[in-house]
S.K.: 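Take a look at the following structure, please.
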There are 2 protein chains.
Amino acid sequence: MLQYDSSLDAAFAALADPTRREVVARLCDGELSVGKLAEPLDMSLSAVGQHLRILEQSGLIVSEKRGRTRFCRVDHQALSAVESWLGERRRHAEQRLDRLQSFVERRGNSDD
Amino acid sequence: MLQYDSSLDAAFAALADPTRREVVARLCDGELSVGKLAEPLDMSLSAVGQHLRILEQSGLIVSEKRGRTRFCRVDHQALSAVESWLGERRRHAEQRLDRLQSFVERRGNSDD
DNA sequence: CCTATACTGAAGTACATGCTTCAGTATGAT
DNA sequence: ATCATACTGAAGCATGTACTTCAGTATAGG
């Protein structure tokens, strides 16, 4: 059985929604309240709250309540974990392709 | 309005499923037929075909039919595009954090 | 205390997803 | 021509997702 990281399920699923990617992108610029995050979004505050819960459960963001306001920020290590999964596979695929290419070149220099 | 790449929707959604991530991971090792991909998976061939269609529509894999067999491989550039989205945000968030940290250090060396 | 602000939760609804089974098509082997 | 192989497509079904509205809680300010 292959290793399987269920936290990647949640992270990729969270990032599959354009609203949530926009939230993540904006939080990379710094901490924002739920209200400020909701302002430019064309949906109810309740819907934004649901998106934020999904992002928080995935580990991509963390939040903290100060007074009656909840502030959110990204966890860049969580972003990094997802990025790493992709990077490892991509490099593996590219290396395989490079080896194949140089193999073809070595035997190709005699004919064609 | 922020820039919005709808192809990321499909790519992230495709990668949110563990079966599809396993398929991508195995294809990074080289081309495989639909049947070979299905072999270790605990579901019908039809279900595997549906996963492969989703991966292909997202651009993460490409396939080609030779005779009655369809062979699939990853598109490492598509993997790279998703990786880049994450990398750009992560770097942005980290830089912001670094600047904040050195700011705190500069004013922190007088007291505490 | 009273009111506004900033969420937070529950219920409902429309649509999407991840399977299943069964039937069908196209190709390779005899 | 016949039969097995390798998918491929359609229909059905259970569950999950992305909202909505409305009601509720908790804190800040006057």
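Keep in mind that the numbers below use all heavy atoms, side chains included, and drop hydrogens, waters and symmetry copies. The chains referred to below are lettered A, B, ... by the order of the sequence lines, with proteins before strands, and numbering in each begins at 1. On a predicted model such as this, the values are computed, not experimentally measured, just so you know.
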S.K.: If we fit an axis to the first five pairs and another to the last five of the helix from C:dC1-D:dG30 to C:dT30-D:dA1, what angle do they make, to the nearest 10°?
M.R.: 30°

S.K.: With respect to the phosphate group of C:dC7, does any side-chain polar atom (N or O) of A:Ser33 fall under 4.0 Å of OP1 or OP2?
M.R.: yes

S.K.: What string of B, S and - do you get for nucleotides 18-30 of chain D, 5' to 3', when a contact is any protein heavy atom under 4.0 Å?
M.R.: SBBB-----BS--

S.K.: Using a strict cut-off of less than 4.0 Å between a Lys/Arg side-chain nitrogen and an Asp/Glu carboxylate oxygen, indicate whether A:Glu64 and A:Arg70 qualify as a salt bridge.
M.R.: no

S.K.: Return the value, rounded to whole Å, for the distance between atom CD of B:Glu56 and atom P of D:dG9.
M.R.: 11 Å

S.K.: Starting at atom CZ of B:Arg53, determine the distance to atom P of D:dC7, rounded to an integer number of angstrom.
M.R.: 15 Å

S.K.: What's the NZ-P distance between B:Lys36 and D:dT5, to the nearest Å?
M.R.: 13 Å

S.K.: Checking all strands, does B:Gly35 fall into the base, sugar-phosphate, or nothing category for heavy-atom contacts under 4.0 angstrom?
M.R.: sugar-phosphate

S.K.: How long is the span from the CG atom in A:Leu52 to the CG atom in A:Leu60, to the nearest 0.5 Å?
M.R.: 12.0 Å

S.K.: Whole Å only: how far is the CZ atom of B:Arg21 from the P atom of C:dG18?
M.R.: 12 Å

S.K.: Linking I/L/V/M/F/W/Y whenever any side-chain heavy atoms sit under 4.5 Å apart, do B:Leu86 and A:Leu8 land together?
M.R.: yes

S.K.: Could you tell me whether B:Asp9 and A:Arg21 have a side-chain N and a carboxylate O separated by less than 4.0 Å?
M.R.: yes

S.K.: If every non-hydrogen atom of B:Arg26 is compared with every non-hydrogen atom of B:Leu32, which pair is closest and at what distance?
M.R.: NH2-CD1, 3.9 Å

S.K.: Per the side-chain contact (heavy atoms from CB on, under 4.5 Å) rule, which among A:Glu22, A:Glu56, A:Arg20 passes with A:His51?
M.R.: A:Arg20

S.K.: With a 4.0 Å cut-off on N to O distance, would you call A:Lys36 and A:Glu39 a salt bridge?
M.R.: yes

S.K.: So, is B:Arg70 close to the D:dT8 phosphate, meaning a side-chain N or O under 4.0 Å from OP1 or OP2?
M.R.: yes

S.K.: Is the side chain of B:Ser80 donor-acceptor paired with the backbone N or O of B:His76 at a distance under 3.5 Å, no angle test?
M.R.: no

S.K.: Starting at atom CG of A:Leu55, determine the distance to atom P of D:dT17, rounded to an integer number of angstrom.
M.R.: 13 Å

S.K.: For the atom pair OG1 (B:Thr19) and CG (B:Leu55), what is the distance rounded to the nearest 0.5 Å?
M.R.: 10.0 Å

S.K.: Starting from P on C:dC7, measure out to CG on A:Leu32 and report it in whole angstrom.
M.R.: 11 Å

S.K.: In whole Å, what is the span from the CD atom of B:Gln57 to the P atom of C:dA16?
M.R.: 14 Å

